Amino acid sequence: MNQSSNFIFDIIEQDIAPGGQFFGKTVHTRFPPEPNGYLHIGHAKALEIDFGAAERFGGLCNLRMDDTNPTKEDEEYVDAIKEDIRWLGHDWGDRFYYASDYFEQMYEFAKELITKGLAYVCEQTPEEVRLNRGDLSTPAKSPFRDRPIEESMALFEKMRDGEFEDGKMTLRAKIDLASGNFNMRDPVIYRINRIRHHNTGDRWCIYPMYDFAHPIEDALEGITHSLCSLEFEAHRPLYDWVINHCSVPCKPRQIEFARLGITHTVMSKRKLRNLIEQGIVDGWDDPRMPTLCGLRRRGYTPSSIRTFHERNGVSKVNSVVDYAFLEHCLREELNRTAFRAMAVLQPITLIIENYPENQTEVFTVENNPENPEDGTREVSFSKKLFIEADDFQEVPEKKYFRLFPGNEVRLKSAYVVKCIRCEKDSAGKVHTVYATYDPDSRGGNTADGRKIKSTIHWVDADTAFNATVKLYDRLFDVESPDLADCDYIAHVRDDSVITIENAKLEASLRDCPDQARFQFMRLGYFCKDAKSSNPDEPIFIRSVSLKDSFRPKNDTP
RNA sequence: UGGGGUGUCGCCAAGCGGUAAGGCACGGGACUUUGACUCCCGCACUCGUAGGUUCAAAUCCUGCCACCCCAGCCA
């Protein structure tokens, strides 16, 4: 499937080769989202790596909700996460798990550590722990570090039994208070928190911390390779410590990779949530959001997103990929697969003066010139048409070769017409253009073989229907709104969505199914919005524009 | 000041001692019943930097510089 390798796949390959630590084993990975928000395209990168590794080596990938902190998590996200993963085309079979399903075993492993003298109950307050953490040159300290094993054990059991109030004490791993790696300075591995857990209800009032829980979750599931993002690199010694000191069934290997950044967007849950709360976007599935549900609504296909990630590769360099590359991946696919249709977004009237009144012809148009197998459809033509305002200039600018007085253009698949004159309103805006047609150019080819430089799209005023079309564009006007010192809210574009109420669409678009994707010729790729369309009022969303070398899209600073 | 990472074209990214792949973006041209698509051509004598080893270095060694992550009872 994906033939290109990366440093992680190279490592796995070595691990399962003769002499490797997982020789003879099935590669087993996992995707472990925390159910506290919606998945975005950055998560999709991890998905591609986790499920991709399993696929590549004939292994398995589990889906596991990493729900060890009930304060932040909620079941409401679980189904949405599953839906997004399925949409991307990944299958976890029957291996769907909750980290919370292992609480009992984690508790036992914690007791094992206490028994071994490798964990102790610490009664410092959160503030005291922070104060006693030391600094770059000073070791941490805890007055409870050398408390007897039996005492810690009794206290820990009472913690579970709910005998102490929240925050009163913690269970800490006894590792190295002087370590240069702060994660090893006797990290807290259990805390008391009386809050109902979405999965375990009120069964627990103590919850394990990520650094303790995650390696156990992995080991219990027989994970061979635990792939995560770069910020966990400094946690790996702790991950290995837990694996080595608890009697877990296997020793997974953690490998870290750089998370994805994309220009002109923000990726952190906090910032995305903020955009919603401030009413800047309509919700998690707003088509401008980098969430998977947002991209789905925008018209992105699963395969375009997977292609995007595959071609970006995997490394350990903090990288920010150009938004244009995401757009490229979508265009590339849709050019191949989307049916063409004609739609006029900024209509002006075109009257063919020498065309008979009340006459209608039907023309046959290819659905996709890139793929003849997609067949054809019929569109009607008559004396009065709509064309794009952009396709006419009374006084043509340099190199303009569309419609202007005296010039000929071809109406896609119909006739060659010659512009005669135009009519303007009181404000000087052109509303009607008059032309004559060449009856010998039926279908678009001239009888005398003269070349027509330009072909424009059109719709028949008699059969076209009005629809709302929403033109979405990037949300921010700066390349890196996600930088820590960037006031990203101040850089939200006020024209990131332009709503066109009365676009004129060709009749065939009227009854297309939700989410159907089209190329509106010469404009871009659009899809029918399943969320806001009514049976009688379809609403179309622009997924991405077509490239335009006449007026290159100027990139905002 | 401690620990862990990373530095190859504007942006991603191959490269693993033998003399800088590819994609995006960009510029030029051809073709075109979408100024799209497609197709050509151009786009790093140079790999953060300074030395060293070698017949030969982006690849090995040493120093320096820059940037990122870590002191939550978050993940």
Side-chain angles (χ1 to χ4, degrees), chain A residues 4-6 10 32-34 36 66-69 71-73 122 124-126 129-130 132-140 166-172 178-185 187-193 206-207 209-211 213-214 228-237 256 258 260-261 263 311-329 331-332 335-336 340 342 365-366 369-370 399-402 409-414 416 441 443-445 452-457 479 519-524 545-552 555:
Chain A
S4 60
S5 192
N6 59 55
D10 291 346
E34 185 185 15
N36 70 343
D66 207 359
D67 56 351
T68 55
N69 183 5
T71 303
K72 299 169 64 179
E73 296 141 9
C122 178
Q124 294 182 102
T125 63
V129 173
R130 180 160 40 79
N132 288 330
R133 179 120 29 211
D135 57 36
L136 301 180
S137 52
T138 321
D166 293 7
K168 188 77 179 172
M169 54 185 73
T170 59
L171 183 68
R172 289 231 249 165
S179 175
N181 182 348
F182 282 86
N183 300 123
M184 301 297 268
R185 316 252 265 218
V188 169
I189 58 177
Y190 263 94
R191 76 282 214 181
I192 305 172
N193 188 9
I206 57 172
Y207 293 97
M209 298 288 289
Y210 169 89
D211 283 319
H214 206 83
C228 62
S229 47
L230 241 34
E231 66 268 30
F232 293 103
E233 211 154 15
H235 294 246
R236 189 174 356 118
E256 313 82 11
L260 173 76
T263 64
R311 305 225 278 234
N312 269 328
V314 182
S315 74
K316 299 186 70 157
V317 184
N318 283 306
S319 56
V320 182
V321 177
D322 197 333
Y323 189 89
F325 185 59
L326 213 210
E327 296 183 317
H328 166 80
C329 292
R331 285 195 194 101
E332 183 185 67
N335 175 53
R336 238 174 26 234
R340 271 54 173 172
M342 293 200 279
V365 187
E366 331 83 318
E370 300 284 324
K399 296 184 82 176
Y400 186 85
F401 50 72
R402 275 112 92 165
V409 301
R410 175 167 35 235
L411 297 174
K412 170 68 185 173
S413 296
V416 169
S441 64
N445 290 312
I452 304 299
K453 178 79 171 157
S454 180
T455 299
I456 66 172
H457 60 99
E479 203 172 86
Q519 182 200 100
F520 286 179
M521 291 201 84
R522 304 205 305 131
L523 298 173
S545 66
L546 245 35
K547 287 211 284 187
D548 184 355
S549 64
F550 179 55
R551 293 221 176 91
D555 218 299

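Residue numbers start from 1 in every chain, and the chains themselves are labelled A, B, ... in the order their sequence lines are given, proteins ahead of strands. Bear in mind that the values here come from a model prediction, so they are computed numbers and not experimental data.
In this structure, His457(A) does not reach the U34(B) phosphate: none of its side-chain N or O atoms is under 4.0 Å from OP1 or OP2. Checking the phosphate oxygens (OP1, OP2) of A75(B), no side-chain nitrogen or oxygen of Lys72(A) falls inside 4.0 Å. OP1 and OP2 of C68(B) both lie 4.0 Å or more from every side-chain N or O belonging to Lys316(A). Put simply, Ser315(A) has a side-chain N or O that comes within less than 4.0 Å of OP1 or OP2 on A13(B). Contact between the side-chain N/O atoms of Ser549(A) and the OP1/OP2 oxygens of A36(B) is found at a separation under 4.0 Å. Distances shorter than 4.0 Å separate none of the side-chain N or O atoms of Arg311(A) from OP1 or OP2 on A13(B). Contact between the side-chain N/O atoms of Arg191(A) and the OP1/OP2 oxygens of C74(B) is found at a separation under 4.0 Å. The phosphate of A36(B) has neither OP1 nor OP2 within less than 4.0 Å of any side-chain N or O from Arg336(A). At C73(B), one or more side-chain N or O atoms of Arg133(A) fall inside 4.0 Å of OP1 or OP2 (strictly under the cut-off). Residue Thr455(A) places none of its side-chain N or O atoms closer than 4.0 Å to OP1 or OP2 of U32(B).
Closest approach to the Asn69(A) side chain among U34(B), G35(B), C74(B) is made by C74(B) (side chain taken as heavy atoms from C-beta onward). When distances run from any side-chain atom of Met521(A) to the nucleotides C11(B), U34(B), A75(B), the shortest one goes to U34(B). In this structure, the nucleotide among C74(B), G35(B), G3(B) sitting nearest to the side chain of Asn181(A) is G3(B). Here the nucleotide nearest the side chain of Leu136(A), chosen from U34(B), C16(B), G2(B), is G2(B). Nearest to the side chain of Tyr400(A), among G10(B), U34(B), G35(B), sits G35(B). Residue Met209(A) has its side chain nearest to G72(B) when only A13(B), C70(B), G72(B) are considered.
In this structure, Glu370(A) and Arg340(A) have side chains that are in contact, with non-hydrogen atoms separated by less than 4.5 Å. Side-chain contact between Arg133(A) and Phe182(A): present, with at least one pair of heavy atoms (C-beta onward) separated by less than 4.5 Å. The side-chain heavy atoms of Asp211(A) and Ile189(A), taken from C-beta on, include no pair separated by under 4.5 Å. With a 4.5 Å cut-off on side-chain heavy atoms, Ile456(A) and Met521(A) do not count as touching.
The same atom, P, is picked in A21(B) and in G63(B); the two are 32 Å apart, to the nearest Å. The gap from the C1' atom of C67(B) to that of G29(B) amounts to 41 Å, rounded to the nearest Å. The gap from the C1' atom of A30(B) to that of A14(B) amounts to 31 Å, rounded to the nearest Å. Rounded to a whole angstrom, the distance from the P atom of G42(B) to that of G23(B) is 13 Å. Nucleotides A75(B) and C11(B) are separated by 30 Å at their C1' atoms, to the nearest Å. G18(B) and A13(B) have their C1' atoms separated by 22 Å, given to the nearest Å. Distance check on atom P: G7(B) versus U19(B) gives 22 Å, rounded to whole Å.
Contact of Glu370(A) with U38(B) (side chain to base): no donor-acceptor pair of N or O atoms is detected under 3.5 Å. Residue side chain Arg236(A) does not reach the base of G4(B) through any donor-acceptor N/O pair under 3.5 Å, judged by distance alone.
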Handout entry: Step-by-step side chain to side chain donor-acceptor pair (under 3.5 Å) determination, Asn193(A) to Thr71(A)
Key = CA-CA 8 Å; Asn193(A) 188 9; Thr71(A) 303; 2.8 Å; yes
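In terms of heavy-atom proximity, Val365(A) sits nearest to Lys412(A) at CG1-CE, 4.2 Å. Scanning both residues, Asn335(A) and Gln519(A), for their nearest heavy atoms gives OD1-NE2, 4.5 Å.
If you check every strand for non-hydrogen atoms under 4.0 Å, Glu34(A) touches sugar and phosphate atoms only. Across all strands, Ser454(A) comes closer than 4.0 Å to no nucleic acid atom at all (heavy-atom distances). Looking at heavy-atom distances under 4.0 Å, Tyr207(A) makes no contact with the nucleic acid at all. Here Lys412(A) lies in heavy-atom contact (under 4.0 Å) with a base. Residue Tyr323(A) is classed as having no contact, given no heavy-atom separation below 4.0 Å to the nucleic acid. Here Phe232(A) lies in heavy-atom contact (under 4.0 Å) with a base. Counting non-hydrogen atoms under 4.0 angstrom, Asn445(A) reaches a base of the nucleic acid. Counting any heavy atom pair closer than 4.0 Å across all strands shown, Gly134(A) reaches a base atom. Within 4.0 Å of Asp135(A), counting heavy atoms only, lies at least one base atom of the nucleic acid. Heavy atoms of Pro237(A) sit nowhere under 4.0 angstrom from any nucleic acid atom. As judged by a 4.0 angstrom heavy-atom cut-off over every strand, Glu366(A) is placed among residues making no nucleic acid contact. Residue contacts for Met184(A): at a heavy-atom cut-off of 4.0 Å it reaches no nucleic acid atom on any strand shown. Contact annotation for Phe325(A): backbone-only contact, meaning every heavy-atom pair under 4.0 Å involves sugar-phosphate atoms and none involves a base. Residue Ser319(A) is classed as a sugar-phosphate contact, given heavy-atom separations below 4.0 Å to backbone atoms only.
Ring planes of His328(A) and Phe325(A): parallel class, angle under 30° (limits at 30 and 60°).
Summarising the base pairing, C64(B) is matched to G48(B) through a Watson-Crick or G-U wobble pair whose two defining distances lie under 3.5 Å. With a cut-off of 3.5 Å on both Watson-Crick or G-U wobble distances, the partner of G10(B) is given as C24(B). Across all strands shown, G2(B) forms a Watson-Crick or G-U wobble pair, both distances under 3.5 Å, with C70(B). When both pairing distances are held under 3.5 Å, U34(B) makes no Watson-Crick or G-U pair with any nucleotide shown. Using N1 to N3 plus N6-O4 or O6-N4 for Watson-Crick, or N1-O2 and O6-N3 for G-U wobble, each under 3.5 Å, C39(B) pairs with G29(B).
Residue-to-nucleotide proximity on RNA chain B shows that, of Asn318(A) and Pro32(A), the 5′-proximal contact is made by Asn318(A).
Following rounding to the nearest Å, Leu326(A) (CG) and G23(B) (C1') show an atom-to-atom distance of 14 Å. Rounding to whole angstrom units, NZ of residue Lys547(A) and C1' of C39(B) are separated by 13 Å. Regarding Phe182(A), its CZ atom lies at a distance of 13 Å from the P atom of C73(B), rounded to whole Å.
Under the 6.0 Å cut-off for aromatic ring centres, Phe232(A) and Tyr210(A) qualify, their centroids lying closer than that.
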